[in-house]
Each structure stands twice: as structure tokens, then as C-alpha cells.
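A short worksheet on the structure shown next.
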There are 2 protein chains.
Amino acid sequence: METTIHEVAQRAGVSTATVSRSLRGRSGVSLETAKRVREIAEQMGYSASPLASRLASGHTRTVAVVLPYLDRWFYGEILGAAEPILRGAGLDLLLYRVGDAEARHAHFSFQRLRKRVDGVLLVTLGLTDVEVEALRALGVPVGLVGFDVEGFESVRIDDVAAASTAVQHLLNLGHEQIGLICGNEEDQSMFTVARDRRFGYRAALEAAGIAPDPDLEISADFSAHGGLKAAAQLFGRRRRPSAIFAESDEMAFGAMSLLHRLGRRVPDDVSVIGFDDHPMAEVLDLTTMCQRVAEQGRLIAVRMVAALDDPRGAGTEPIHLAPELVVRKSTAARHTTRRRAPPGALYAKKAG
Amino acid sequence: METTIHEVAQRAGVSTATVSRSLRGRSGVSLETAKRVREIAEQMGYSASPLASRLASGHTRTVAVVLPYLDRWFYGEILGAAEPILRGAGLDLLLYRVGDAEARHAHFSFQRLRKRVDGVLLVTLGLTDVEVEALRALGVPVGLVGFDVEGFESVRIDDVAAASTAVQHLLNLGHEQIGLICGNEEDQSMFTVARDRRFGYRAALEAAGIAPDPDLEISADFSAHGGLKAAAQLFGRRRRPSAIFAESDEMAFGAMSLLHRLGRRVPDDVSVIGFDDHPMAEVLDLTTMCQRVAEQGRLIAVRMVAALDDPRGAGTEPIHLAPELVVRKSTAARHTTRRRAPPGALYAKKAG
DNA sequence: TCGAGCCCCGCAAGCGTTTACGGTCCAGCA
DNA sequence: TGCTGGACCGTAAACGCTTGCGGGGCTCGA
């Protein structure tokens with residue numbers, strides 16, 4: 001129940017120092033004493049109070065995971081992949097969600113991590129310079145997903161290149177009016193991602209000799225609902241695109257939903273390409289850029305554990321994963337013969 | 001940097017006790033002294049070490065969230081809804097994922113929470129009696145999502161009734177061969193959910209005078225992929241159902257994907273009903289049972305905060321939310337006229 | 001003027017560990 | 001036998017707070 005190290009020491013007839021040493025495998029204790037102490041502790045159901053242990057030893061065996069959303073696929077995937085690695089290394093996970101409001105006070109926010117965690121994992125957060133400095137001042141390893149900062153561990157993909165690849169795929173299919181459903185660049189949390197992908201989109205267009213049209217770029221929430229609203233805006237205008245590049249699969253799903261409601265067929269009338277390779281993308285036959293999210297989560301966790309084991313090994317090279325175009329059935333050449341589908345054919349049989 | 005309470009005390013010309021009292025708003029300090037101390041602390045960028053504070057005070061202002069998966073929609077939703085409430089009450093979130101392997105040692109696992117957290121939130125975990133006892137022994141408030149246990153706070157829906165409602169909907173449409181894609185009851189983590197929904201399924205059939213056919217019940221992973229595999233099994237047999245009830249929307253999506261691959265139209269050839277009201281359900285026009293997941297997460301967090309504020313208020317009544325049938329376009333009456341869809345009509349225009 | 005009572009505040013004892021330091025004991029060597 | 005050194009182990013000082021207890025000063029009523 002309330003077993004303390006003293007009780008174990010008393011029961012074993014040794015000092016608390018010996019108990020502590022025995023239990024954590026430190027030297028300075030004879031093998032037989034250590035064994036006996038361990039048995040007694042086990043039998044008493046004793047385990048050291050992490051609080052006291054941390055206070056005394058100075059390190060917390062805890063890492064903070066800081067992210068902007070918990071209820072979105074991407075973050076769950078990262079969390080799910082990182083957790084086993086971290087837990088496997090005996091580390092605890094402290095969850096911090098920073099919304100837009102708090103982002104302003106992020107400096108203060110990070111301050112709260114002081115003496116609280118041994119490492120910090122940031123997932124797709126656009127950091128200001130002062131925030132970066134605040135992080136550095138923590139004096140603990142920092143891991144980043146989705147962007148990189150000098151001196152911090154990081155895993156990411158090349159969003160610019162990936163976006164260009166996606167758009168190039170559409171260009172190759174003969175599309176010229178290509179709508180973009182992009183993240184809000186004002187949104188601190190997705191800053192780099194939204195900016196980079198939009199940049200890649202424009203770059204690909206320009207390389208093809210097409211001037212980017214601001215009217216074709218709609219910013220929205222990184223969600224199906226956001227994608228739906230953005231698509232509604234896109235198709236409520238005179239000049240409608242023949243293809244859409246959505247910066248996330250979920251946005252793409254929303255866009256497809258809207259197209260469906262408008263009676264536009266995918267890919268016959270409009271091609272749609274997403275970004276992520278969300279599990280549902282396969283279900284919906286969505287062409288997308290696969291960015292192996294789980295792998296990113298796994299890798300940053302591995303890096304974090306390594307950095308914790310060997311504190312002097314800070315600042316290894318950023319890991320850049322190569323996204324891959326996954327072609328499915330939501331993209332097609334422009335000017336396909338248009339046919340009316342019969343009622344209820346939404347989930348119709350593929351052409352035999 | 002390394003500012004301790006002593007430094008603040010020294011700078012303010014008072015004792016550490018006064019600093020502590022001022023900062024945490026305890027009585028016994030004059031208003032002006034408290035104000036001055038607070039200002040100095042603020043200006044020095046001081047914040048108390050949570051570790052030391054906890055050791056001394058005895059409570060941790062931390063709650064553990066224990067769940068079986070991190071990379072699934074349901075859990076992200078719960079987490080996302082509970083987090084703001086908890087954080088708003090000044091509580092930290094410690095994340096514990098318990099897989100199947102660890103579930104066996106859950107007693108030991110919970111033991112690790114001792115003296116570590118002020119409260120525990122369990123999400124859809126099938127608990128054995130000894131695990132329940134281990135939890136009780138922790139002596140802290142426990143909150144449950146998805147099932148309830150005497151003496152613990154809990155939020156859930158009536159899975160049996162909800163499943164029956166779903167099946168009844170199919171029965172009303174004239175279906176008699178109704179396949180079930182259900183969770184694995186061996187899976188500790190989803191024990192109650194899988195069992196209850198299967199029970200509700202059978203009950204509805206029996207009430208309609210139809211004998212449940214074990215061949216029509218396929219257990220699978222609670223995921224799109226699991227649903228796909230289960231559906232493949234279901235439709236690889238001689239007697240094929242005319243409708244499917246999937247115990248989760250994600251399973252339903254997988255099933256729809258398979259049906260699509262097999263060339264079966266939804267709902268013309270096969271009706272599909274899911275469970276959850278996943279955001280994507282709207283996109284895919286999936287008929288489903290809405291169980292307001294976020295609301296469940298929010299409510300259990302509120303209960304937890306209340307229990308923490310008022311320790312003697314343990315064991316209030318369980319909250320039972322009423323699921324609601326949301327009819328969309330994936331279910332239809334049996335024996336619809338069958339029509340071949342033209343090629344590429346997967347995302348076809350609705351009949352005008 | 002004196003005592004009671006209250007308001008502030010400091011003292012110091014924890015909270016349950018870890019760990020630097022030093023002591024004891026015995027083997028081994030001269 | 002005397003001394004050195006190493007293996008074990010205990011003592012006690014942190015770690016950075018919180019908080020019960022008590023003391024000093026001031027107000028107020030008699």
C-alpha cells in the first residue's frame with residue numbers, strides 16, 4: 001500500500017541506500033544482498049515513487065508530446081507510432097495540446113515544461129524564433145515532426161516537392177485549371193505545411209507555364225468539413241477547375257463529398273488528388289501523396305530515445321522521407337466522355 | 001533558468017513559506033506582500049517545480065488516460081474532447097496505451113499509477129475483477145468510457161439497444177440475411193462493446209423471428225481494413241447477406257470498399273449500416289448509429305474534474321447517452337431493381 | 001495600562017528518493 | 001604483524017517544495 005523504501009530497507013535489514021542501489025542495479029552491493037533485497041521488494045509489492053525518485057535524481061523519464069490537435073488522423077497516427085517506442089524505453093508521455101490561443105503564449109507554455117520532462121516532441125507546429133529559443137533554453141533534446149530547426153532532431157518530408165509532384169500528376173493528365181484546397185497559413189500549427197505545399201503547387205504550375213490564379217486557392221480547415229466548404233467556394237464561381245489538389249486526404253474527402261452533392265462525377269468531371277494516404281483513401285480510391293505518417297512518428301521517437309540515452313549526440317542530421325505518388329481512381333485525363341450515371345450508382349461496380 | 005523558490009524568497013525578502021503561500025493563493029499572507037511576491041516571481045520567470053511541489057503536497061494534478069489505441073478515430077475523438085476540460089482545470093494528461101500483451105499484466109500496470117496520478121480515465125477497456133480491485137486500491141477517482149463499474153464515474157451508451165435499433169432498421173427494409181461484422185470478443189480492449197453489440201444484433205433478429213446464423217457473424221479488427229477482410233469472408237460463401245451491420249463506421253467503410261471491388265452496389269445490391277457517425281460517414285453517405293463520441297469524452301472529463309474537486313462525491317450515477325439512428329443512403333429496401341453502372345461511375349452524379 | 005486575540009510571517013520538519021562520501025572489514029602482500 | 005586497497009554498506013545531505021506550529025507585533029476593549 002504505502003510501502004516506502006524505508007520499510008523495505010528495514011525488512012531487509014539494510015539501509016535505504018542499499019535498497020535503492022539494489023533495485024536500480026547500481027554497483028556497490030554484493031550480488032546476494034542485491035538479490036535478497038530485490039526479492040523482498042518484489043514480495044512487498046514495492047516500487048519507488050517516481051515523484052521522489054525524479055526529484056532526487058534530476059531526470060524525469062518523461063517526454064512531452066506537443067501537438068495542435070488530438071482528434072485528427074495525422075496526430076493519432078504519429079502518437080500511435082511513437083508511443084510504443086517511447087514506452088518501450090521506459091518513458092512516460094505527457095500530452096500537451098496547444099491551440100491557436102495558447103500558441104501566442106507558447107513561450108510561457110514551454111516554460112511550463114522546465115524541470116518537468118526529459119525531452120520534447122513537437123508535431124507540426126510553426127515556431128517563432130522566440131519559441132525556438134525558449135525550447136533551446138529548456139536544455140533537453142527536442143524532436144520535430146514536419147519541419148526542422150538547426151540543433152533539433154527532426155523527421156519530415158519535402159512538402160514542396162511532394163506538392164509539386166501531385167500537381168504535376170494533374171498537369172500530365174491535361175488539367176490546367178487546378179484548384180487548391182490549402183491550409184490556413186495564419187494557423188500557427190500548420191504554418192510550414194500549408195506554406196510549403198502551396199508553394200509547391202504554384203511552382204509546378206509556373207514550371208508548366210501556367211500563372212497561378214489566386215481565385216483557385218481556397219484556404220480551409222485541415223478536415224473533411226473544411227475541404228467541403230472550400231470546394232463549395234471553389235465551385236460557386238464562374239471559372240471552375242477541372243481538378244483539385246487538396247493538401248490533405250481529409251480535405252479531399254470533403255471536396256469529393258461536395259462534388260457528389262453538386263452532381264459532379266469524380267474523376268469524369270473533376271479529378272481530385274489528396275495528400276497523406278489516409279487509410280480511407282484506399283476505400284475511396286483517392287489518388288494521393290503517401291507520406292508514411294506512422295513511419296515519421298516511429299523515427300522521431302527512435303531519435304528521441306537515442307538522444308536521451310546519449311545526451312551529447314544532439315543535432316544529428318534531419319531525416320527527410322520521400323513521399324510517393326499513389327495513383328488510384330480519383331484522377332483521370334481531362335475531357336473524358338461524359339456519361340450520365342443511373343440513379344443510385346454512387347457505389348457502382350467498376351468497369352469489368 | 002534554475003530559479004528556485006529560495007531565490008524568489010531572498011529577492012523578496014521573505015521566507016519560502018510566504019512565497020509558496022502567495023503563489024498558490026493560500027491565506028496567511030497580506031494582500032500587498034502576496035502581490036509583491038507574485039510580481040517578483042513573475043519577473044524572475046519563476047514557476048514551482050511540479051515534481052517537488054507534488055512530492056511535498058501529495059497530489060499530482062495529473063490524470064492518466066488509459067486506452068487501447070491511439071491511432072483510431074474513436075480514441076482521438078475522446079482525447080480531443082477531454083483534453084481541454086482537463087487542461088482547463090490545470091490537470092496534466094499522462095498517456096497510457098495498453099495493448100493485448102500488457103492487458104494481462106494490467107494489475108501490475110495499474111500499480112504503476114500509484115502515487116503518480118490523481119485520477120484515472122479508462123476508455124473502452126474490458127476489466128477483469130482483479131483489475132477493478134487494483135483500480136479501487138489506487139484510492140483515486142476513476143472515470144470510465146464505454147462501460148460502467150459500481151463506484152466509478154462513467155459515460156456510455158446502451159450498445160445493446162443501439163445495435164438492435166440498427167438491425168431493426170435493416171429488418172424494416174425487408175432484409176433477412178443480415179451479416180454482422182463484429183469486434184473480436186477475445187480482445188480485452190473492446191470486450192464489452194463487441195459483446196453488447198453482437199448481443200443486440202442477435203436480439204433484434206430473434207425478436208423478428210429470425211434465427212441468428214453464426215456463419216453471418218464475422219469478427220474482425222475495429223478498422224477499415226478489418227471490415228474489408230470480414231466482408232471478404234462474408235461474401236466468399238454461398239449464402240450471402242443482403243445487408244451488413246458493421247459494429248463501427250470504419251469497419252463499414254472497409255466493407256463498402258470490398259463490395260465495390262466485388263462489383264456489388266450499395267445500397268442497390270447490399271445495404272450497409274455502421275456505428276459511430278464518423279465524420280467520413282457523411283461523406284460516404286453511410287447510414288449509421290450516432291453515439292456522440294466527443295460528448296462522451298467531454299462528459300467524463302467534466303465528471304473527473306468534479307470528482308477531483310470534491311473527493312467525497314464519488315460514485316455518482318453513470319451517464320447513459322441515447323444513440324440515434326442517422327439514415328443516409330447506404331441502406332435501402334431489399335430487391336431493388338438491379339442495374340449495371342457504366343464504367344467509371346463510382347463517384348457518379350446523383351440522379352437528377 | 002494590560003491582556004486577549006488576530007493577523008502575518010518564519011522555522012523547520014517533512015515528502016520519498018538518490019548519491020557523494022566515508023567507514024568497516026577482510027584479503028593479500030611485504 | 002602491519003599496512004594498503006578494495007568490496008560493501010551506512011550516514012546524511014541534497015532535491016525543491018508545502019505546511020503545521022508558534023512567535024512577534026498590533027488592535028481593541030476594559
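The sequence lines fix the lettering, A, B, ..., with proteins before strands; numbering per chain opens at 1.
Summarising the geometry, the separation between CG on B/L51 and C1' on C/dC15 is reported as 12 Å, rounded to the nearest angstrom. Between the CZ atom of B/R54 and the P atom of C/dT17 there is a distance of 17 Å, given to the nearest Å. Atom-to-atom, CZ of B/R61 to P of D/dT18 comes out at 13 Å; the value is rounded to the nearest Å. Atom CZ in B/R36 sits about 14 Å away from atom P in C/dC8, given to the nearest Å. Atom CD1 in B/I5 sits roughly 12 Å away from atom P in C/dG10 (whole-Å rounding). Rounded to a whole Å, the CG atom of B/L55 is 9 Å from the C1' atom of D/dG16. As a whole-Å value, the separation of B/E32 CD from C/dC9 C1' is 13 Å. Rounded to whole Å, atom C1' of C/dC8 lies 18 Å from atom NZ of B/K35.
Using a cut-off of 4.0 Å between Lys/Arg side-chain N and Asp/Glu carboxylate O, A/D118 and A/R54 are scored as not salt-bridged.
Contact between the side-chain N/O atoms of A/R24 and the OP1/OP2 oxygens of C/dT19 is found at a separation under 4.0 Å. Put simply, A/T18 has a side-chain N or O that comes within less than 4.0 Å of OP1 or OP2 on D/dG10. Phosphate proximity of D/dC9 to A/S30: present, with a side-chain N or O under 4.0 Å from OP1 or OP2. OP1 and OP2 of C/dT17 both lie 4.0 Å or more from every side-chain N or O belonging to A/S20. Listed pair A/R26 / C/dT19 meets the phosphate criterion, a side-chain N or O lying under 4.0 Å from OP1 or OP2.
Listed nucleotides D/dC17, D/dG10, C/dT17 differ in distance to B/Y46; the shortest reach to its side chain belongs to D/dC17. Closest to the B/S15 side chain, of the nucleotides D/dG16, C/dG10, C/dT17, is C/dG10. Closest to the B/A17 side chain, of the nucleotides C/dC9, D/dC17, C/dA12, is C/dA12. The side chain of B/T16 has C/dA12 as its nearest neighbour among C/dT18, D/dC17, C/dA12. Between D/dC15, D/dT18, C/dC9, one nucleotide has an atom nearer to the side chain of B/S53 than all others, and that is D/dT18.
Under a cut-off of 6.0 angstrom, the local environment of CD in A/Q10 is sparse, with at most 12 non-hydrogen atoms contributed by other residues, nucleotides or ligands.
Between A/F152 and A/V132, the closest side-chain pair of non-hydrogen atoms falls below 4.5 Å.
Inspection of the A/Y75 and A/T124 side chains reveals an N or O donor paired with an N or O acceptor under 3.5 Å.
Contacts of A/S27 with the nucleic acid, taken as non-hydrogen atoms under 4.0 Å apart, are absent.
In this structure, B/R11 forms no cation-pi arrangement with B/Y46, as its terminal cationic atom is not both closer than 6.0 Å to the ring centre and no more than 45° off the ring axis.
Side chain A/R21 to base D/dG10: a donor-acceptor pair is found below 3.5 Å.
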